[in-house]
Structures are given as C-alpha cells and as structure tokens.
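Chain naming here is simple, since letters A, B, ... match the order of the sequence lines and numbering starts at 1 in each. Here the structure is a predicted model, which means the values were calculated and not measured.
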Amino acid sequence: MPEIRHALTKKREDDFAAWYQEVITAADMAEESGVRGCMVIKPWGYGIWERIQRLLDDRIKAAGVQNCYFPIFIPLANFEREAEHVEGFAKEMAVVTHHRLINDGYGKLIPDPAAKLEEPLVVRPTSETIIGDAMARWVQSWRDLPLLTNQWANVVRWEMRTRMFLRTSEFLWQEGHTAHATRDEAESETKRALEMYRACAEEDLAMPVITGEKPENERFPGAVETWSIEAMMQDGKALQAGTSHYLGTNFSEAAGIKYQSQEGQEALCHTTSWGVSTRMIGGVIMTHGDDDGLRVPPAIAPQQVVILPMLRGKDEEADAALTAYCDELRGMIAAQTALGERVRVLLDTRPGKAAAKRWDYVRKGAPIVIEVGSRDMEAGVVSLIRRDQLWNMETGKANYQTPSREEAAAGIGAMLEDIQSALFSQAAARRDANITRNVGSIDDVAAHYSGDAKYPGWVEVQWAKPTGAALEKAVETLKEHKLTIRNVPIGAEPADGACIFTGGPAVERILLARSY
RNA sequence: CGGGGAGUGGCGCAGCCUGGUAGCGCACCUGUUUUGGGUACAGGGGGUCGCAAGUUCGAAUCUUGUCUCCCCGACCA
C-alpha cells in the first residue's frame with residue numbers, strides 16, 4: 001500500500017486534541033482573538049454556522065415559533081428570583097457595574113466611580129429570566145397560549161477552561177422559549193424541540209445522535225426535566241449537542257407568567273426552553289474530520305462544489321478560454337438542485353496555482369472539488385474529486401474522476417446527496433460499533449475503560465434511577481473513571497437486570513461515556 | 001481556580017542556561033524554469049522577541065508583575 005501524504009501534520013490517532021485544533025486552523029474556520037475564551041469566527045466557519053442557522057430556523061418557524069430579540073443585559077435581580085437557576089449560573093456570569101470610563105491621571109482608563117450602576121447588569125448567560133418578564137406581560141388569557149418564541153443571540157458564560165467551538169466564553173446560539181397552559185402541552189413542546197434537534201443533527205449535520213432524558217444531576221438549573229441529543233466523537237467521547245428543558249412552573253412563579261383560563265381561573269404557565277449553539281460546529285469537526293482536514297456535510301457546506309481552473313498566467317487568451325469553459329460549468333452546476341436547494345458552487349479564479357488551492361479546499365472540506373485544465377477542456381471533461389473519497393488507495397494519490405463536463409454537472413446533485421448520506425452512514429456505523437451494551441457491573445465498566453482500547457466509546461448499563469444522596473454516590477463512583485451519565489435513551493430496551501450501583505432491580509437503561 | 005507547559009515575522013520552530021540590539025523551514029513577493037497535478041532554482045520583503053516595570057553601559061536572553069494559549073483536574077452548551 002502506497003504512502004499517503006496527508007494534508008494535515010497531526011493525526012487523529014496520535015493526538016486527537018492537537019488534531020482538532022489543527023483542523024480549525026487548516027480549514028481557516030476560526031482563530032484566537034486575544035480575549036480570554038473568545039474566538040474570531042472566520043468566513044468558512046461562520047458560513048457553516050449560517051447554513052446551520054438557515055436550516056434550523058426553517059425548522060423552528062415550521063413549528064409555529066416566532067423569532068424575537070431580547071436585551072443582552074439582564075438585571076441582576078432577575079436571577080435572584082429562581083434559586084436553583086442563580087446557583088447554577090452565579091459562578092460564571094460576566095457583570096457590568098459601570099457605564100463610563102475616566103482617565104486615572106496616569107494615562108490609564110478606569111471605570112468612573114461616579115458612574116457605578118445602581119443595579120449591576122449581567123451579560124446574559126441564557127435568557128429565561130428576561131424572556132420570562134416579557135411573557136408575564138404578553139400572557140393574560142388562555143387565548144394567548146401557547147406562546148412560542150425563539151431568539152438567535154450570543155451569550156456569555158465565564159468558563160474556567162475553553163476550547164474553540166466546544167466551550168467558549170462567548171458563543172452563538174438559538175434559544176427557544178415557550179409558555180403553555182398545561183404540563184402535557186409543555187412537555188410535548190419539549191419533546192418536539194428535541195426531535196427537531198435530532199433531525200437537524202442527523203439530516204443537516206449528518207451527525208448521528210442519541211436522544212434521551214438527562215439524569216437529575218445533569219439537569220439545567222431550574223428545570224424539571226432536561227433532554228439532550230448526544231453525539232459520539234471519533235475519540236469515543238460524548239458531546240452534548242443540544243438540550244431541551246421542561247421548566248414546569250418554576251420560572252412562571254418567579255416572573256409571574258399567569259393566564260386566566262376559560263373558566264375564569266388564574267393559573268401559572270408551564271414553560272420550556274431549548275437551545276443549540278456553535279458547539280455543533282465542534283461536533284461536525286470531530287464527527288466528520290479526517291487526517292486531511294474537515295469534511296463538511298453538503299447540507300451545511302458554504303460552498304458545495306469548488307471549480308479550480310488551472311490558469312497558466314502566461315497566455316491570456318488560453319486562460320480566458322479556460323475561464324469561460326469553467327464559467328459555463330459553474331452555470332450548469334448552479335442550475336442543479338441537491339438536498340432540496342440550488343447547488344452552491346464557487347468558481348475560484350483568484351491567481352494562484354490550482355494544485356495549491358486544491359489542498360486548501362481539501363482542508364476546508366468542500367464536498368466536491370473540480371479541477372479543469374486546458375487538456376480537460378479540449379477533451380470536454382473535468383477532473384473531479386469527492387472529499388469523502390479523497391484517496392486512490394492503489395496509487396496513494398488523489399482519486400480523480402474524469403466525467404464529461406455535462407455528466408459532471410448533471411450528476412452533481414445526486415453526488416452531493418450521496419456524500420451527505422455517506423458521511424452519516426460512516427458516523428452512525430462508528431457510533432454503533434462503539435456502544436457496548438449490557439455491561440452488568442461497575443467493575444465491568446471499570447475494566448472496559450481501563451482496557452487497551454484507545455477509544456473505548458460508550459457503555460449501556462441498567463440502573464435503579466437513584467435520587468438524592470444515592471445518585472450523588474453513583475456519580476462519584478463514575479467520576480473515578482472519568483465517566484458521566486449521558487442520558488436515558490428514548491426507545492431503549494426495557495430494564496431486565498440489576499442496577500450496577502445499588503444491586504437492586506433496575507428500572508431503565510442509561511448510557512455512560514467520557515464527555516466534552 | 002489548583003497542577004504542568006508555552007508565548008520570537010502569516011504558520012511551525014531555534015536562540016535564552018553562559019546578556020552585546022534576531023535566525024531557520026513553510027508561506028509570501030520578483031525573475032527564470034517547469035507545465036496535468038502539493039515543480040525547481042535564484043534573488044527579495046516582512047519580526048525588536050505577548051505586555052508592563054525593574055536590574056544593567058547594554059535585555060529576546062536575568063527579576064517581578066500581568067495578559068493570552070495548550071494539557072491534566074474542578075465547572076459547564
């Protein structure tokens with residue numbers, strides 16, 4: 001087997017964390033900003049986020065949810081109204097205390113003591129409390145329900161340890177907030193959002209997930225139930241890629257979200273909240289990336305096809321003819337559809353060698369790269385590479401196809417759809433192969449994770465769903481093995497054995513994993 | 001926030017121990033060459049060494065402080 005010269009210097013199997021960072025740099029997605037925990041998202045990375053936004057926003061609106069925008073600053077007092085909520089977020093809030101700077105007399109600017117705020121403002125870590133205020137104003141009658149809102153925004157959580165896309169101090173997300181008349185309605189909205197996230201992850205990001213309910217200790221602060229989608233990364237760790245919460249009447253009580261029923265009775269609303277963030281991009285990297293860089297699923301690729309004419313820069317007439325040939329190809333491809341949308345195609349005529357640009361787009365993970373040289377033009381063909389089938393294993397070189405220009409254009413939609421499903425299938429197969437089921441005891445769990453397997457994946461165990469101190473003890477035990485409970489998968493087999501923590505009869509199955 | 005490591009042209013690094021105003025590879029620019037796959041050769045531009053203060057005749061090199069990043073932990077989308 002020939003030696004393959006990969007486009008990255010780091011390999012996943014050698015140092016997954018270093019590889020992850022190299023992908024972000026090599027694909028030109030984002031960079032450090034110099035501000036603690038905050039990143040600059042560059043066009044390719046932001047373009048992926050815009051695609052996710054577009055597709056998810058359509059799903060949100062299709063469910064009858066309307067977009068709004070709420071302030072970035074939230075009065076401190078709002079957080080004091082819900083005890084668990086403030087406890088959960090208090091340690092990671094950025095607080096604005098002054099509204100003006102003055103010169104300190106030594107050439108430095110300092111907050112003006114005379115401009116101290118009466119009440120500090122918190123930079124939102126999440127918006128339940130301020131949206132709750134609005135809901136309290138907007139909801140009077142049963143006719144105002146359900147109230148279905150969403151906002152696309154940035155939030156700030158002062159995390160101790162940050163990693164690009166996975167955990168940044170500031171991140172971009174959407175947060176849906178809904179109010180309902182009954183518990184049933186609110187719970188079904190919680191599940192609807194969860195299912196929406198599953199579809200978004202699996203269909204748009206080609207990232208298979210396990211949906212399920214979080215255990216009590218992993219709940220969102222102030223929630224009655226928290227549900228999540230969990231994705232398996234290539235190192236076998238779990239990434240919580242989205243959450244949906246049933247908040248009961250906790251926030252309604254705090255903010256006074258009440259309505260008068262048809263019978264004339266005053267009642268508290270049942271509320272929900274749900275969100276996904278730029279973390280999903282980290283999930284895409286660790287799900288689809290390979291030793292040559294990122295592989296972007298076509299549905300969320302800013303450009304699905306990149307055409308690179310091999311311009312010589314010597315013979316203007318020849319270059320113009322080649323550019324025209326490529327532009328016709330661009331037009332033909334742009335008229336095609338894939339995954340229900342017009343194909344996004346870029347003709348890159350910037351000066352520079354096509355061969356060098358090819359590797360730039362390989363690292364970026366553009367699904368299809370088409371190179372066209374003068375000889376291709378004469379023969380009426382193009383040289384096409386699928387990013388998901390980059391290498392010819394026999395030659396160790398890039399795996400070119402040379403269809404005619406017309407065939408290439410006509411087949412582009414089907415090829416993009418095939419790449420989309422191939423990426424999902426690969427990821428799903430890897431996930432399924434790395435979940436070990438029916439692990440019967442905590443010792444077996446420990447053995448599984450202390451074995452030789454470099455990436456031991458997840459294990460499924462049964463438990464008695466302990467609460468309170470018993471749950472804390474179970475969590476402690478798991479922590480010794482750096483494990484966490486991911487969720488109680490929806491649709492799992494019923495329990496039929498003993499709880500690995502208590503030995504008593506189990507009531508359900510849970511997934512354990514190391515996590516991001 | 002605790003433990004460890006690191007910040008030197010766009011990227012990756014050497015120099016620092018034994019102070020004397022900066023070097024390599026890639027990238028970039030120019031020219032020649034090559035021309036179907038990450039071409040080769042020659043020439044060239046760009047950094048005052050994270051930031052601040054201190055020691056010194058002199059600091060990338062020593063001291064102190066500070067900011068940022070990476071790894072391990074605690075916390076979390």
Side-chain angles (χ1 to χ4, degrees), chain A residues 4-7 9-10 15-18 20-22 25-26 28 31-39 87-93 106-108 125-126 154-175 197 214 217-221 226 228-231 238-245 273-283 292 308-315 318 322 351-363 369 371-379 381-383 385 392 395 397-400 402 479 482 484 515-516:
Chain A
I4 287 175
R5 183 183 163 195
H6 287 290
T9 62
K10 304 274 196 317
D15 186 343
F16 198 78
Y20 175 78
Q21 294 193 109
E22 189 181 3
T25 305
D28 211 20
E31 63 186 16
E32 294 299 338
S33 65
V35 180
R36 183 196 170 77
C38 297
M39 63 179 171
E87 189 170 335
F89 284 105
K91 283 177 283 185
E92 55 186 51
M93 293 204 280
Y106 301 96
K108 297 280 183 209
T126 181
N154 57 339
V155 290
V156 169
R157 299 182 186 178
W158 212 262
E159 300 291 351
M160 293 294 96
R161 196 171 152 206
T162 59
R163 300 189 73 187
M164 280 210 249
F165 289 111
L166 296 176
R167 188 178 298 103
T168 44
S169 300
E170 178 190 24
F171 56 93
L172 307 181
W173 77 346
Q174 64 59 225
E175 47 180 327
Y197 289 155
K214 285 290 200 182
N217 62 306
E218 299 264 357
R219 266 182 213 141
F220 175 75
T226 287
S228 72
I229 55 172
E230 302 283 334
L239 181 73
Q240 180 173 306
T243 49
S244 183
H245 316 289
S273 68
W274 27 274
V276 299
S277 71
T278 36
R279 168 178 273 192
M280 285 195 127
I281 296 173
D292 297 293
L308 302 175
M310 301 181 69
L311 303 172
R312 297 268 173 79
K314 300 282 180 192
D315 181 341
L322 185 58
K353 290 168 196 150
K357 286 199 276 185
R358 169 173 77 244
W359 291 106
D360 289 342
Y361 286 107
V362 163
R363 283 184 282 263
V369 175
E371 292 171 54
V372 187
S374 56
R375 222 171 288 169
D376 289 319
M377 179 168 68
E378 283 160 26
V381 302
V382 300
S383 298
I385 305 180
N392 179 325
T395 63
K397 306 246 170 157
N399 188 23
Y400 287 97
T402 53
K479 197 182 263 183
K482 299 180 184 177
T484 55
S515 75
Y516 278 97

Suppose we define a pair by two distances each less than 3.5 Å, Watson-Crick or G-U wobble; what does [N] pair with here?
| N | answer |
| --- | --- |
| rG73(B) | rC1(B) |
| rA6(B) | rU68(B) |
| rU48(B) | none |
| rA27(B) | none |

For the residue pair [X] and [Y], what are the closest heavy atoms and their distance?
| X | Y | result |
| --- | --- | --- |
| Asp376(A) | Glu371(A) | OD2-O, 3.6 Å |
| Lys10(A) | Glu22(A) | N-OE1, 2.7 Å |
| Val276(A) | Trp173(A) | O-CB, 3.1 Å |
| Thr402(A) | Ser383(A) | CG2-OG, 4.1 Å |

Worksheet item: Salt bridge check: are Asp360(A) and Lys357(A) linked by an N-O gap of less than 4.0 Å?
Response: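 No.
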
* **Sidechain N-carboxylate O distance under 4.0 Å for Lys214(A), Glu230(A)** =>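 Result for this pair is yes, salt bridge flagged.
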
Between protein and nucleic acid, restricted to nucleotides 6-12 of chain B and to nitrogen or oxygen atoms under 3.5 Å apart, what atom pairs and distances do you find?
none

Within the 4.0 Å heavy-atom criterion, would you say [X] contacts the bases, only the backbone, or no part of the nucleic acid?
| X | answer |
| --- | --- |
| Val276(A) | nothing |
| Thr9(A) | nothing |
| Gly275(A) | nothing |

Between [N] and [M], how far is it from one [atom1] atom to the other, in whole Å?
| N | M | atom1 | answer |
| --- | --- | --- | --- |
| rU8(B) | rC16(B) | C1' | 11 Å |
| rG23(B) | rG46(B) | C1' | 14 Å |
| rG25(B) | rA77(B) | C1' | 40 Å |
| rG12(B) | rC70(B) | P | 12 Å |
| rA60(B) | rG19(B) | C1' | 10 Å |
| rG15(B) | rG20(B) | P | 14 Å |
| rA14(B) | rA6(B) | P | 10 Å |

| said: For the CD atom of Glu159(A) and the CG atom of Leu166(A), what is their distance to the nearest 0.5 Å? | reply: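 If I round to the nearest 0.5 Å, the distance is 11.5 Å.
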
In whole Å, what is the span from the [atom1] atom of [X] to the [atom2] atom of [N]?
| X | N | atom1 | atom2 | answer |
| --- | --- | --- | --- | --- |
| Arg375(A) | rG36(B) | CZ | P | 5 Å |
| Trp158(A) | rC1(B) | CH2 | P | 11 Å |
| Asn399(A) | rG36(B) | CG | C1' | 16 Å |
| Asp28(A) | rA27(B) | CG | C1' | 13 Å |

Problem set entry | Contacts of type side chain to side chain contact (heavy atoms under 4.5 Å, CB included), residue Val156(A), not counting sequence neighbours |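 By the side chain to side chain contact (heavy atoms under 4.5 Å, CB included) rule, Val156(A) matches Ala94(A), Val123(A), Trp158(A), Glu170(A).
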
Q. Quick one: side chain to side chain contact (heavy atoms under 4.5 Å, CB included) partners of Ser33(A), sequence neighbours excluded?
A.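 Applying side chain to side chain contact (heavy atoms under 4.5 Å, CB included) to Ser33(A) gives Val35(A), Cys38(A), Val40(A).
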
Whether each nucleotide of nucleotides 71-77 of chain B has a protein heavy atom under 4.0 Å at its base (B), only at its sugar-phosphate (S) or at neither (-) is summarised, 5' to 3', as SBBBBBB

| For Asp28(A) and Arg363(A), what are the C-alpha separation, side-chain angles and deciding distance, and is it a side-chain contact (heavy atoms from CB on, under 4.5 Å)? | CA-CA 9 Å; Asp28(A) 211 20; Arg363(A) 283 184 282 263; over 6 Å; no

Show me the protein contacts with nucleotides 29-32 of chain B, counting only N or O atoms at under 3.5 Å.
none

Within-4.5 Å side-chain heavy-atom neighbours: Phe89(A) and Thr126(A)
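Of all side-chain heavy-atom pairs linking Thr126(A) with Phe89(A), at least one is under 4.5 Å.
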
Could you list all N or O pairs between the protein and nucleotides 38-48 of chain B that sit under 3.5 Å apart?
from, atom 1, to, atom 2, distance (Å)
rG38(B), OP2, Arg358(A), NH2, 3.4
rG38(B), N9, Trp359(A), NE1, 3.1
rG38(B), N7, Trp359(A), NE1, 3.2
rG38(B), O6, Arg5(A), O, 2.7
rG38(B), N2, Arg363(A), NH1, 3.4

Classify the angle between the aromatic ring planes of Tyr197(A) and Trp274(A) as parallel (below 30°), tilted (30 to 60°) or perpendicular (above 60°).
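If you compare the ring of Tyr197(A) with that of Trp274(A), the planes turn out perpendicular.
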
